[in-house]
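See structure below.
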Protein chains: 2
Amino acid sequence: MIDVVLADDHPVVRAGLRAVIDGQPDMRVVHETSTAEDLLRWLGGGGRADVVLLDLRFADARMGGAAATGTIVQEHATPVVVVTTYGTDADILAAVEAGATGYLLKDAPTDELARAIRSAAAGEVTLGADVQRRLLGRMRAPGESLSARELEVLRLVAAGRSNDAIARELFVSVATVKSHLAHISTKLGTRSRTEAAATARERGML
Amino acid sequence: MIDVVLADDHPVVRAGLRAVIDGQPDMRVVHETSTAEDLLRWLGGGGRADVVLLDLRFADARMGGAAATGTIVQEHATPVVVVTTYGTDADILAAVEAGATGYLLKDAPTDELARAIRSAAAGEVTLGADVQRRLLGRMRAPGESLSARELEVLRLVAAGRSNDAIARELFVSVATVKSHLAHISTKLGTRSRTEAAATARERGML
DNA sequence: TCGCGCATCGTCCGAAAGGTTGACCGGCCG
DNA sequence: CGGCCGGTCAACCTTTCGGACGATGCGCGA
């Protein structure tokens with residue numbers, strides 16, 4: 001019997017996951033929480049489970065799913081299956097790098113969910129079909145990571161600020177902002193600030 | 001006993017809604033489908049229910065929830081409660097205008113869901129707490145709705161296209177694009193294309 | 001029928017953004 | 001120590017945008 005613990009801030013989704021899991025003959029839900037913090041508290045307080053089902057995004061985003069994943073994997077040696085609504089590339093990479101054993105989208109069929117839980121309990125890695133496709137896509141496009149400063153500029157650009165406004169906000173000259181923006185566009189393969197912002201959103205860099 | 005029919009393309013969410021409803025003493029799920037089309041087909045084929053629970057967005061978006069809502073309300077005289085993940089202002093307005101009796105976000109607590117279904121069965125209108133807040137916010141900020149053409153331009157701007165590219169894509173001159181963009185910025189109170197794109201995203205106009 | 005909003009196009013000009021080149025400085029690493 | 005990279009800045013030029021006119025045609029409702 002596989003003991004599963006759930007953490008998801010949507011009551012309806014939680015009920016759905018519970019229904020699916022309790023409907024399987026070889027697994028059951030032993031506990032559920034609505035935040036990542038509560039989950040960690042439960043595990044820290046002696047809670048035991050074979051698999052953790054974890055949402056990536058929580059409404060009151062004090063602690064994201066990725067951070068929680070890292071803690072759980074390291075401190076409790078329990079496999080984590082991430083279940084989320086929309087998987088941007090960044091989300092997926094963050095979760096996988098944090099040590100997630102599985103990654104599913106919430107629109108995955110129920111048998112895929114059950115399969116992922118069984119695999120995780122057995123120590124194997126399972127990624128949803130569409131998640132695998134995304135990761136492959138990411139591999140093909142090198143991606144050229146941006147520096148911290150560049151990302152900071154890019155965020156302000158995406159928020160609609162002008163170069164002048166950004167310069168004032170970051171206490172640098174307009175020339176510097178333009179310089180960063182030029183590097184950003186080179187790395188992203190874009191030709192304008194708006195296109196850079198669109199591309200960044202698409203790749204989940206914001 | 002309130003008979004409820006579900007339409008949602010996420011198996012997990014569907015299981016959750018079913019679990020919540022079947023857990024209530026005074027209601028039950030009589031049918032569920034994964035697309036809006038199937039729902040209409042079922043209703044057209046003699047299916048009867050007191051309340052329809054309907055997702056707004058379907059992955060294979062041949063028919064959206066708003067369109068389905070209109071058909072159901074007009075042709076089958078059955079109250080529709082819309083249950084969706086992210087409620088942008090535009091989504092909510094579209095659903096309410098189409099005749100939705102209730103509008104809930106998927107992260108609403110289960111008792112709010114049950115309450116909404118009971119209200120709908122009784123012919124009353126219930127909007128989720130956060131949905132009401134949004135609608136009020138919309139009232140306070142006039143918002144100045146954009147024309148269809150303007151929205152089309154705005155979408156392309158947000159996608160990072162240049163005026164020239166947009167002009168070619170829409171088979172109009174650059175002057176026209178600029179004209180639209182000027183109107184858009186006036187309506188949104190923005191001062192640049194990038195800011196307009198950011199504002200549009202914020203308000204859920206895309 | 002008259003007006004109004006919408007979509008279309010044009011011109012002109014100044015402002016903003018993009019591209020290029022070159023430069024300086026401060027870490028960090030081999 | 002000598003590169004190399006990241007961040008900073010500058011001058012220059014081209015392209016693109018943005019704003020401010022005006023103008024036409026079309027459909028729809030008062």
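Please read these numbers as outputs of a predicted model, since none were measured by experiment.
Taking atom CZ of residue B/Arg191 and atom C1' of nucleotide C/dA15, one finds them 14 Å apart after rounding to whole Å. Atom CZ of B/Phe171 is separated from atom P of C/dC9 by 12 Å (rounded to the nearest Å). A/Lys178 places its NZ atom 12 Å from the C1' atom of C/dA15, with the value rounded to the nearest Å.
A/Ala182 comes within 4.0 angstrom of nothing in the nucleic acid, heavy atoms only.
Of the possible polar contacts, none joining the A/Glu112 side chain to the A/Pro109 backbone as a donor-acceptor pair under 3.5 Å is found. A distance-only check finds no donor-acceptor pair linking the side chain of B/Thr190 to the backbone of B/Leu188 [under 3.5 Å]. B/Asp3 places no side-chain N or O within donor-acceptor distance of the main-chain N or O of B/Asp50, the cut-off being under 3.5 Å. Without hydrogens or angle criteria, B/Ser179 side chain to B/Ala175 main chain gives no donor-acceptor distance under 3.5 Å.
The overall bend of the helix from C/dT1-D/dA30 to C/dG30-D/dC1, read as the angle between its terminal helix axes built from five base pairs each, is 40° when rounded to 10 degrees.
Contact annotation: the side chain of A/Val83 never approaches that of A/Asp8 to less than 4.5 Å [non-hydrogen atoms, C-beta and beyond].
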Detail all sub-3.5 Å separations between protein N/O atoms and N/O atoms belonging to nucleotides 5-7 of chain C.
{"residue": "C/dA7", "atom": "OP1", "partner": "B/Ser147", "partner atom": "OG", "Å": "3.0"}
{"residue": "C/dA7", "atom": "OP1", "partner": "B/Arg149", "partner atom": "N", "Å": "3.3"}
{"residue": "C/dA7", "atom": "OP2", "partner": "B/Ser147", "partner atom": "OG", "Å": "2.5"}

How far apart are the C-alpha atoms of A/Glu152 and A/Arg155, what are their side-chain angles, what is the distance that settles it, and do they pass the salt bridge (Lys or Arg N to Asp or Glu O under 4.0 Å) test? CA-CA 5 Å; A/Glu152 205 169 351; A/Arg155 261 189 253 273; over 6 Å; no

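At a non-hydrogen distance threshold of 4.0 Å, B/Ser192, B/Arg193 from residues 192-199 of chain B come into contact with DNA chain D. Listed by residue number, B/Ser162, B/Asn163 are the residues of residues 154-164 of chain B with a heavy-atom contact under 4.0 Å to DNA chain D.
In this structure A/Arg193 satisfies the salt bridge (Lys or Arg N to Asp or Glu O under 4.0 Å) test with no other residue, sequence neighbours excluded.
Distance check, rounded to the nearest 0.5 Å: CD1 of A/Ile21 to CD of A/Glu32 gives 9.0 Å.
The two atoms that bring B/Ala158 and A/Ala198 nearest to each other are O-CB, 3.4 Å, heavy atoms only.
Protein chain B touches strand DNA chain D; the 5'-most and 3'-most nucleotides with an atom under 4.0 angstrom of its non-hydrogen atoms are D/dC17 to D/dG19.
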